[in-house]
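Notes for the one structure printed next.
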Amino acid sequence: MAFLPTSEIELEENRSRTTSSDKPELSGYHRLANIMYQDQNLAIFRRFQEINILQLMSLQAEILDLNTWFQHRRSEDETTHPAYSCSFRELRQSQLHQNSVLSSARSSDTNLPLRERDISSLSQYELLLSLREKMSEYNALLLQVSQLSQKPNPDKSQLMELQRWLRDESGGAGFLKAAEFSTWEETERDKYIVIKNADIEDDFLTKLVSNVLLLMFHRLFGYRWKMGKIIDQKSGLTSYSDTKISKIGSIFAATLSSALPVLSIFVLDRLHSTTIRIGVTLVFTTVFALVLAAFSSAKRVEIFAATATFAAVEVVFIGTAIN
């Protein structure tokens, strides 16, 4: 997670933490690439989903066209060269013994468009090779698009920080020109893909800590206590470790999960009416399930099992109290 300074005092504090270097100062894309390398939450790129889908549709149409011609040529060869359908060796060797007269006759119809006239002159084996090439291209792109669609969107806070850095006078200072100016102008997160550590949990609690609590901490104390890592000297852009953020979230979740059952037993012990105890049990069980669903990446069956166990503990306590 990275944050830009919001005041001159904070900027000066950050600059005072950096050491001078004899390396030439980076600018433009080189400077931005160095920032993205140091904090992958800012390694945000366009998905170009619509273009990818259009390319897939284009390849799909070409394959269907080639397949139509291939089936037509195969049907013709079933009569004139029946051995082709029983032996790929015969089909390959047919390429060395093509009838030039027949090939010329096939391409002599000048009423056909050039592209279709060229396809119509291809042999069955040539069409098979063309299909193989197009299918390889289509399958590779299809797998790439499928894999990219599963990659996460960037956090809203990090997209906004990147956009702020690009506009900031001490940051990118609007170095993007012409069509490239619109690269990161879109505000919708699903237009982008982020390259970051997939091992870090991305649940609601982690997002709460990183996008809200960490931002407040950075604005109030972080830059004064010289926390975080300066990843861009001129703008004072500060980055915090994702691993530490995830660890804080885990500690908070562990504390909450251990305190909630004890708290429910304590409250139930203070009550004397069985009806009220059952109502309170319902409230605590619901809260437990909501917390588990919001603050963890547990599956539905895991949430159901944990909630049932939690409810069982409360029911046992109520039964013991009644007896």
Side-chain angles (χ1 to χ4, degrees), residues 1 39-41 43-44 47 49 142-159 188-217 240-323:
M1 287 290 162
D39 190 332
Q40 292 189 338
N41 288 289
I44 300 170
R47 284 188 183 274
Q49 192 78 345
L142 186 61
L143 285 174
Q144 289 173 7
V145 173
S146 177
Q147 290 171 356
L148 287 173
S149 66
Q150 298 172 24
K151 295 297 181 181
N153 299 329
D155 291 329
K156 185 177 181 180
S157 63
Q158 294 306 283
L159 177 59
E188 297 176 24
R189 294 168 54 241
D190 59 0
K191 298 284 186 181
Y192 303 94
I193 186 172
V194 63
I195 303 174
K196 65 178 182 179
N197 189 354
D199 296 332
I200 302 296
E201 288 195 46
D202 198 26
D203 53 47
F204 175 81
L205 180 58
T206 304
K207 289 181 179 179
L208 177 66
V209 172
S210 59
N211 295 337
V212 180
L213 301 181
L214 180 61
L215 178 59
M216 293 171 60
F217 172 80
Y240 291 87
S241 169
D242 282 347
T243 304
K244 292 180 180 179
I245 294 171
S246 180
K247 186 176 293 185
I248 292 171
S250 298
I251 292 172
F252 182 80
T255 303
L256 187 61
S257 64
S258 60
L260 199 57
V262 177
L263 179 62
S264 67
I265 298 301
F266 176 80
V267 172
L268 290 173
D269 184 57
R270 307 299 294 179
L271 301 172
H272 302 289
S273 169
T274 302
T275 303
I276 296 176
R277 282 175 173 171
I278 293 173
V280 171
T281 298
L282 175 62
V283 172
F284 269 106
T285 304
T286 304
V287 170
F288 180 82
L290 291 174
V291 168
L292 196 61
F295 289 177
S296 74
S297 55
K299 297 179 181 179
R300 293 177 185 175
V301 65
E302 295 170 340
I303 294 174
F304 183 85
T307 305
T309 303
F310 179 77
V313 172
E314 293 177 302
V315 169
V316 169
F317 178 83
I318 293 174
T320 304
I322 293 174
N323 292 331

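None of the values given here were measured: they were computed from a predicted structure.
To the nearest 0.5 Å, atoms CG (D269) and OG (S264) are separated by 11.0 Å. For the atom pair E188 CD and L159 CG, the distance stands at 10.5 Å (nearest 0.5 Å). Between the CG atom in L260 and the OG1 atom in T255 there is a gap of 12.0 Å [rounded to 0.5 Å]. Note: S149 OG to I193 CD1 = 8.5 Å, rounded to the nearest 0.5 Å.
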Name the atoms and distances for all side-chain donor-acceptor pairs under 3.5 Å in residues 278-291, with sequence neighbours left out.
| unit_1 | atom_1 | unit_2 | atom_2 | d |
| --- | --- | --- | --- | --- |
| T281 | OG1 | R277 | O | 2.8 |
| T285 | OG1 | T281 | O | 2.7 |
| T285 | OG1 | E314 | OE1 | 2.8 |
| T286 | OG1 | L282 | O | 2.8 |

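Side-chain atoms of Q158 do not come within 3.5 Å of backbone N or O of D155 as any donor-acceptor pair. For R47 (side chain) and L148 (main-chain N/O), a donor-acceptor pair under 3.5 Å exists by modelled atom type. The backbone N or O of N41 sits less than 3.5 Å from a side-chain atom of D39, completing a donor-acceptor pair.
Residues passing the side-chain contact (heavy atoms from CB on, under 4.5 Å) test with Q144 are L141, sequence neighbours excluded.
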